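Everything quoted here is computed from the prediction, not taken from an experiment.
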Amino acid sequence: MKNLITCQQLNEQLDDPALIIFDAGMLRPGVLGTYKVDKVLPGAQRFDIKTELADTTSAIPNTLCSSEQFTQVMQKAGVNDDSFIVVYEQDDLFSAARAWWMLKAMGFDNVKVLSGGLKKWLKCGYSTQSAYRIPTNKGNFVANLAPGYFIEQQQVLHSIDDTSTLMLDARAYKRFTGEDPEPRKGMRSGHIPNSCSLAFTDLLNEGEPKPIDELKAKFNEVAGDTQQLQFSCGSGITACVLALLAVECGYSNLSVYDGSWSEWGASDSLPIATGSIKLL
């Protein structure tokens, strides 16, 4: 898969001066506390999706920061136009894909996700360190947000009855149908009308993406040859897992609904549906 890198491949490239490694892990919804780790990959820095690289003025969690803020953080991390970035997380694929999508959206293309994350790295017996690297040189990368990568509420609302567009929901199936309550307080249960369920966990095997043939079969089952795919989840994080794997399956014209259910489910003015929806 062209947007993922194996632990062996990364270990062989640790001496590359252009390499920058980011830990993009985060706490799961409903888990209280602060994200802490005692082991990180060699030379890794923190990619803080929730605060440092989020719009903290928004009432919606994890929404994308401005290009200016993104530029400032990436330059401080030493990111240059010719850098090679690898993003990872501690356990199964969850938030690293969000970091990958953010970087792509901001105009940085040479980025890959570490398949299996730190858990697989440790299983392979590769070295770690106890603290993040503190960069010493300022980078020259300047972020430029490309249109379409992230979409807002009104764009989703206008697409509901567009037969050329399909929203895929990465949450667990019973959250999609409304059978299970949302982990965030104040959220209605259900899904965006005319969307389809594609739980991101159904695309993984022991935390890593399933073989490409299985992924293509699953996407074809729910999306077929739909021209435009949109992705949502609880707060715009695991929707990016769907985006990552859709790219691997050859889909284009992809967008992530940044507010996702944290925004949609909290607004009584937006339509919702419950129960299942017939697949294509």
Side-chain angles (χ1 to χ4, degrees), residues 2-3 18 20-26 45-89 94-113 135 138-159 162 165 167-168 170 192 227-248 251-264:
K2 64 181 181 180
N3 289 290
I20 292 180
I21 301 175
F22 282 119
D23 172 8
M26 63 187 300
Q45 300 182 61
R46 183 77 177 113
F47 192 100
D48 188 354
I49 294 170
K50 194 171 185 64
T51 54
E52 194 174 28
L53 290 164
D55 177 7
T56 55
T57 66
S58 173
I60 307 165
N62 312 321
T63 49
L64 184 65
C65 66
S66 67
S67 297
E68 292 76 16
Q69 184 176 337
F70 198 89
T71 295
Q72 183 180 27
V73 175
M74 290 298 102
Q75 288 189 354
K76 183 179 178 182
V79 175
N80 294 309
D81 291 332
D82 61 353
S83 293
F84 167 45
I85 294 179
V86 174
V87 293
Y88 79 97
E89 56 196 296
F94 179 82
S95 57
R98 169 76 182 197
W100 171 85
W101 192 250
M102 289 169 67
L103 284 156
K104 291 280 189 177
M106 289 293 186
F108 192 93
D109 290 325
N110 194 16
V111 54
K112 295 181 184 293
V113 174
K138 183 178 179 180
N140 62 20
F141 170 69
V142 176
N144 183 19
L145 181 60
Y149 276 86
F150 287 95
I151 54 176
E152 298 180 352
Q153 176 193 120
Q154 287 303 310
Q155 292 167 278
V156 175
L157 190 62
H158 292 155
S159 300
D162 181 356
T165 302
M167 173 68 76
L168 297 180
I192 297 169
Q227 297 176 23
Q228 170 77 45
L229 292 179
Q230 299 174 346
F231 307 106
S232 67
C233 57
S235 64
I237 302 299
T238 58
C240 298
V241 176
L242 299 190
L244 169 66
L245 300 182
V247 169
E248 292 296 338
Y251 287 89
S252 56
N253 297 322
L254 311 176
S255 299
V256 168
Y257 173 25
D258 204 15
S260 281
W261 200 252
S262 291
E263 178 177 53
W264 198 277

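- The two residues Ala24 and Ser95 have their closest heavy-atom pair at O-OG, 2.7 Å.
- Between Tyr88 and Asp23 the shortest side-chain heavy-atom distance falls below 4.5 Å.
- Without hydrogens or angle criteria, Glu248 side chain to Asn3 main chain gives a donor-acceptor distance under 3.5 Å.
- Listed by chain and residue number, Met106, Ala143, Leu145 satisfy the side-chain contact (heavy atoms from CB on, under 4.5 Å) test with Ser67 (two or more places apart in sequence, or in another chain).
- In terms of heavy-atom proximity, Glu263 sits nearest to Tyr257 at OE1-OH, 2.6 Å.
- You'll find the side chain of Leu103 reaches within 4.5 Å of the side chain of Val87, heavy atoms only.
- Between the side chain of Trp101 and the backbone N or O of Tyr149 there is at least one donor-acceptor pair closer than 3.5 Å.
- Smallest separation of non-hydrogen atoms from Val256 and Ala243: CG2-CB, 4.1 Å.
- Side-chain contact between Thr238 and Phe231 is absent, with no heavy-atom pair separated by less than 4.5 Å.
- Take Phe47 and apply the ring pair (Phe, Tyr, Trp, His ring centres under 6.0 Å) test, not counting sequence neighbours, and it matches Phe22.
- Taking NE2 of His158 as the start and CD1 of Ile151 as the end, the distance is 12.0 Å to the nearest 0.5 Å.
- The side-chain heavy atoms of Gln69 and Asp55, taken from C-beta on, include no pair separated by under 4.5 Å.
- Counting only distance, with no hydrogens or angles, the side chain of Arg46 and the backbone of Gly25 share a donor-acceptor pair below 3.5 Å.
- Residues satisfying the ring pair (Phe, Tyr, Trp, His ring centres under 6.0 Å) criterion with Phe70, sequence neighbours excluded, are absent altogether.
- The distance from atom CG of Asp258 to atom CD1 of Ile60, rounded to the nearest 0.5 Å, is 8.0 Å.
- Counting heavy atoms from C-beta outward, Leu157 and Trp264 have side chains that approach closer than 4.5 Å.
- Taken to the nearest 0.5 Å, the CG atom of Leu229 stands 10.0 Å off from the CE atom of Met167.
- Residues Lys104 and Asp109 meet the side-chain proximity criterion, which asks for heavy atoms closer than 4.5 Å.
- Considering all non-hydrogen atoms of both residues, Ile192 and Val156 come closest at CD1-CG1, 4.0 Å.
- Between the Asn62 side chain and the Ile237 main chain, no donor and acceptor come within less than 3.5 Å of each other.
- One finds the OG1 atom of Thr63 at 12.5 Å from the CD1 atom of Ile49 (value rounded to the nearest 0.5 Å).
- Scored by the ring pair (Phe, Tyr, Trp, His ring centres under 6.0 Å) test, Phe108 finds Phe141 as partners (sequence neighbours excluded).
- Between Ser255 and Gly148, the closest heavy-atom pair is OG-O, 2.6 Å.
- Side-chain contact check for Ser159 and Asp162: no donor-acceptor pair (N or O, by modelled atom type) lies under 3.5 Å.
- Sequence neighbours left out, not one pair with a member in residues 72-86 passes side chain to side chain donor-acceptor pair (under 3.5 Å).
- A distance-only check finds a donor-acceptor pair linking the side chain of Glu89 to the backbone of Phe94 [under 3.5 Å].
- For the pair Thr56 (side chain) and Thr51 (backbone), a donor-acceptor distance under 3.5 Å is absent.
- Residues meeting the side-chain contact (heavy atoms from CB on, under 4.5 Å) test with Val73, sequence neighbours left out: Glu52, Leu53.
- Within the 3.5 Å criterion, the main-chain N or O of Ser232 finds no donor-acceptor partner in the side chain of Ser260.
- Looking at every heavy atom in both residues, Ser235 comes nearest to Ser262 through CB-OG, 3.5 Å.
- Although no hydrogens or angles enter the test, the distance criterion places a donor-acceptor pair under 3.5 Å between the side chain of Lys112 and the main chain of Lys2.
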